[in-house]
Amino acid sequence: MTRAVGIDLGTTYSVAAIIENGRARVVKNAEGENLTPSVVAVTAQGHMLVGSVAKCQSSVSPERTVMSIKRHMGTDHRVSLNGRDYSPQEISAFILRKMKRDVETYTGESMKKAVITVPAYFNDAQRQATKEAALMAGIEVVRIINEPTAASLAYGLDREHIQTILVWDLGGGTFDVSILELGDGVFHVKAVSGNTRLGGDDWDERLVEYFADTFLDKIGLDIRSDPVTLQRLREASEKAKRELSYKPGARISLPFIKTGNGMPKNLEASIDRSTFEDITSDLREKLLGPTRQAMADSKLTAEELDRVVLVGGSTRMPSVRDLVEETFHKKPFIRINPDEVVGIGAAVQAGVLMGEIDGVVLVDVTPLSLGIETEGGLFARIISRNATIPTSASQIFTNAEDDQTVMDFHILQGEREMAIDNISLGQFQLTDIPSLPRGKAHVEVMFQIDVNGIVKVSAEELYTETKTGIRIDASHLLSEEEVEQVIREAEAHAEEDRSRRGEAEINIRADSMIRAAELFLEEKEGKLSSASKHRIEQCMLDLKEALSQGESAVIEERTEALRKMLEEL
Ligand code: AMP
């Protein structure tokens with residue numbers, strides 16, 4: 001039997017866990033650590049380094065080191081190492097290959113399959129890119145699950161009578177809030193929010209600035225001017241930050257950090273916790289926006305939350321924990337190491353899937369709505385945001401033109417009403433549609449999202465059963481900011497979007513009414529009195545004129561006038 005392995009492929013650190021004697025446990029890597037830095041580097045000789053060794057080399061040659069590649073998953077971003085370009089999948093594959101090797105060394109068995117976690121807001125292309133990275137590393141992904149779901153599984157919340165769980169995840173470079181609802185042993189994501197540009201690194205940067213300013217004041221030299229020195233200070237600052245989680249103060253000592261007047265200069269400085277909390281108070285403030293957003297989306301109050309689970313190394317900071325407690329009026333769950341809890345949950349899910357432990361069936365949801373562009377540039381939602389996956393849905397569309405034998409389909413993801421404001425995921429064409437008048441050809445557009453969140457879209461002309469489709473291509477992607485911005489932007493533009501949709505619909509109705517009138521005139525040729533014919537033609541002209549002037553109220557009025565006239569006649 002293949003062993004159940006769970007992998008948390010994180011932005012700053014990755015974790016592998018397995019099931020041993022019915023319980024999930026983290027597998028130590030070759031360096032004897034539970035967390036493997038998600039860092040890849042190449043030496044001057046061209047050797048690839050992964051994990052702590054790569055992280056160490058980052059201070060000496062930052063230009064040959066890749067960090068936080070997860071931010072670019074599913075984009076066409078490329079990193080250049082020793083003159084070769086690598087995709088985010090290839091870089092992630094180096095990390096996964098090391099995780100696989102370390103698990104194999106620990107278990108003495110070959111590792112073939114794994115459950116891998118991704119943030120709940122990851123779109124389909126980002127999930128697909130994660131799967132590809134695993135495949136490149138020789139790992140078959142048995143399932144991709146959401147990180148907050150994994151955290152809840154690690155706590156065994158599926159076995160308690162818990163209904164609502166808020167997972168608050170502050171890692172090295174990202175912040176995610178997810179609200180899950182558990183019903184009949186199934187997890188549903190009720191809401192997700194976050195900030196893909198906020199994490200422990202920002203707290204580190206504040207300390208870097210603080211210490212660099214101290215050095216500038218005392219010695220008159222700026223450490224920030226040299227990347228190697230700056231990297232040394234960054235590492236020392238991160239260490240100081242960790243210390244400040246347990247101690248009231250921290251010291252850093254960096255000998256020979258700069259040379260001034262031919263003399264080596266040392267950086268010796270200290271900081272106490274309250275100063276650290278003061279210089280980072282605005283960062284804590286930034287955590288509140290996405291938290292409120294998720295609560296509002298889920299329509300729950302703090303009192304209605306049964307559990308608050310903390311995930312991510314940065315939730316070890318006491319001020320962050322206090323903030324969570326103040327916000328939700330309850331003690332957060334912190335029993336499991338916050339930086340290991342997702343990996344552990346992934347192993348629990350793998351254990352369930354491989355039959356090593358009994359457990360739940362998991363359900364995740366689509367973070368954004370999926371649909372196609374239709375007449376008038378409108379966005380037709382086919383699968384709504386937060387739909388439980390796997391899922392499929394279809395809608396029937398008709399030809400917009402007479403004798404249209406080819407139909408173009410533009411697949412989009414987003415929450416805006418007009419297609420142009422959403423994110424394009426791909427396009428395809430259905431050809432060989434039989435030649436029919438406008439509105440008479442029926443094409444069924446079907447969206448299918450599999451359990452790993454991969455999307456397939458097909459279009460079938462129902463009479464001839466001509467069918468074609470695409471699997472969403474991983475090169476058509478969202479930038480990271482867009483993922484979280486989409487929902488915010490849709491809300492900000494809701495009013496304006498509604499009126500743009502309204503206008504587009506009014507124009508579409510007017511166009512159809514003109515066509516109907518043309519058809520009517522054609523059919524009644526020679527049977528209508530010339531006065532009636534003239535009245536219709538005049539009405540059509542008035543409507544066309546209104547359309548060219550774009551006055552929605554006038555268009556609507558004249559469409560109605562034409563409709564009434566056709567009805568009367
Ligand atoms: P993760 O991405 O969840 O592994 O979290 C990594 C982040 O957690 C990094 O920014 C670490 O500096 C931070 N971190 C880890 N341990 C601590 C600690 N004791 N206090 C504050 N931050 C920590």
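Quantities reported herein were computed from a predicted structural model and do not represent experimental measurements.
- Considering only residues two or more places apart in sequence or on other chains, His493 meets the ring-ring contact (aromatic ring centres under 6.0 Å, His included) condition with none of them.
- Side-chain N or O atoms of Gln349 include none that pairs as donor or acceptor with a backbone N or O of Ala150 at under 3.5 Å.
- Counting only distance, with no hydrogens or angles, the side chain of Ser58 and the backbone of Pro62 share no donor-acceptor pair below 3.5 Å.
- Distance OG/Ser245 to CH2/Trp203: 11.0 Å, rounded to 0.5 Å.
- Defined by atom type and a distance below 3.5 Å, a donor-acceptor pair is present between the side-chain atoms of Ser369 and Glu415.
- Residue Thr130 holds its OG1 atom at 7.5 Å from CD1 of Ile116, rounded to the nearest 0.5 Å.
- In summary, Asp421 and Arg416 engage in a salt bridge, as defined by a charged side-chain N under 4.0 Å from a carboxylate O.
- Defined by atom type and a distance below 3.5 Å, a donor-acceptor pair is present between the side-chain atoms of Thr291 and Trp168.
- Side chains of Leu370 and Leu412 form no contact here, defined as non-hydrogen atoms less than 4.5 Å apart.
- Side-chain contact check for Val177 versus Val167: every heavy-atom pair is 4.5 Å or farther apart.
- Here the CG atom belonging to Leu49 is positioned 9.5 Å from the SG atom belonging to Cys56, to the nearest 0.5 angstrom.
- Residues Asp202 and Asp204 form no side-chain contact, since every pair of their non-hydrogen atoms from C-beta on lies 4.5 Å or further apart.
- Counting only N and O atoms by type, the side chains of Glu20 and Tyr106 include a donor and acceptor under 3.5 Å apart.
- Taking NZ from Lys190 and CD from Gln163, the interatomic distance works out to 11.0 Å, rounded to the nearest 0.5 Å.
- Taking each heavy atom of Ala269 and Phe211 in turn, the nearest pair found is CB-CD2, 3.6 Å.
- Summarising the local packing, CD of Glu63 is surrounded by more than 12 heavy atoms from other residues, nucleotides or ligands at distances under 6.0 Å.
- Val115 is not listed as a side-chain neighbour of Ile7, based on a closest heavy-atom distance of 4.5 Å or more.
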Practice problem: Given side chain to side chain contact (heavy atoms under 4.5 Å, CB included), test Ile344 with Val26 step by step and report yes or no. | Solution: CA-CA 7 Å; Ile344 292 202; Val26 172; 3.9 Å; yes
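- Atom CG of Leu310 is separated from atom CG of Leu170 by 9.5 Å, given to the nearest 0.5 angstrom.
- Proximity of Thr117 to Leu9: side-chain heavy atoms (C-beta onward) are nowhere separated by under 4.5 Å.
- Gln413 places no side-chain N or O within donor-acceptor distance of the main-chain N or O of Ser424, the cut-off being under 3.5 Å.
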Output side-chain donor-acceptor pairs under 3.5 Å for residues 252-259, partner residues at least two apart or in another chain, one line each.
residue: Ser253; atom: OG; partner: Glu268; partner atom: OE1; Å: 3.4
residue: Ser253; atom: OG; partner: Glu268; partner atom: OE2; Å: 3.0
residue: Lys258; atom: NZ; partner: Ser225; partner atom: OG; Å: 3.3

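- Between Lys98 and Asp102 there is a salt bridge, with a side-chain nitrogen of the basic residue lying less than 4.0 Å from a carboxylate oxygen of the acidic one.
- Asn337 contributes no side-chain N or O that, together with a main-chain N or O of Glu340, makes up a donor-acceptor pair within less than 3.5 Å.
- Leu323 is listed as a side-chain neighbour of Leu288, based on a closest heavy-atom distance under 4.5 Å.
- Proximity of a side-chain donor or acceptor of Arg273 to a complementary backbone N or O of Pro318 within less than 3.5 Å is not detected.
- Residue pairs meeting the ring-ring contact (aromatic ring centres under 6.0 Å, His included) criterion with at least one member in residues 82-103, sequence neighbours excluded: Tyr86-Phe94.
- Under a 3.5 Å cut-off, the side chain of Asn195 and the backbone N or O of Arg197 do form a donor-acceptor pair.
- Side-chain atoms of Ser152 come within 3.5 Å of backbone atoms of Pro148 as a donor-acceptor pair (strictly under, hydrogens ignored).
- The side-chain heavy atoms of Leu81 and Ile91, taken from C-beta on, include a pair separated by under 4.5 Å.
- Ala240 and Ala250 make their closest contact through O-CB, 3.7 Å (heavy atoms, listed as atom of the first residue, atom of the second, distance).
- Checked against salt bridge (charged side-chain N to carboxylate O under 4.0 Å, His left out), Lys330 has no partners two or more places apart in sequence or in another chain.
- Ring geometry for His72 against His77 counts as parallel: the plane angle stays under 30°, on a 0 to 90° scale with 60° as the upper cut.
- In this model, no donor atom of one side chain and acceptor atom of the other lie less than 3.5 Å apart for Asp124 and Gln128.
- Residues Lys28 and Glu33 are not paired through a salt bridge, judged by the lack of any N-O separation under 4.0 Å between the basic side chain and the carboxylate.
- Electrostatic pairing of Asp213 and Arg224 counts as a salt bridge here, judged by a charged N lying under 4.0 Å from a carboxylate O.
- With respect to Glu325 and Arg321, no salt bridge is recorded, no charged nitrogen being found less than 4.0 Å from a carboxylate O.
- With hydrogens and angles disregarded, no donor-acceptor distance shorter than 3.5 Å links the side chain of Asn146 to the backbone of Thr149.
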Quiz prompt | Step-by-step side chain to side chain contact (heavy atoms under 4.5 Å, CB included) determination, Leu283 to Leu198 | solution = CA-CA 8 Å; Leu283 295 175; Leu198 183 64; 4.1 Å; yes
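- The backbone N or O of Phe122 sits less than 3.5 Å from a side-chain atom of Arg127, completing a donor-acceptor pair.
- The main-chain N or O of Arg206 is never found under 3.5 Å from a side-chain atom of Glu209 such that the two would form a donor-acceptor pair.
- Looking at residues two or more places apart in sequence or on another chain, you find a side-chain contact (heavy atoms from CB on, under 4.5 Å) between Ser319 and Glu277, Arg284, Met317.
- Side chains of Thr275 and Asp272: a donor on one and an acceptor on the other come within 3.5 Å.
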Self-check item: CA sep, side-chain torsions, deciding dist, call: Ser14, Met99, side chain to side chain contact (heavy atoms under 4.5 Å, CB included)
Solution: CA-CA 8 Å; Ser14 294; Met99 314 284 300; 3.8 Å; yes
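- The shortest side-chain heavy-atom distance between Val15 and Asp339 does not fall under the 4.5 Å cut-off.
- Residues satisfying the side-chain hydrogen bond (donor to acceptor under 3.5 Å, both in side chains) test with Arg307, not counting sequence neighbours, are Glu160.
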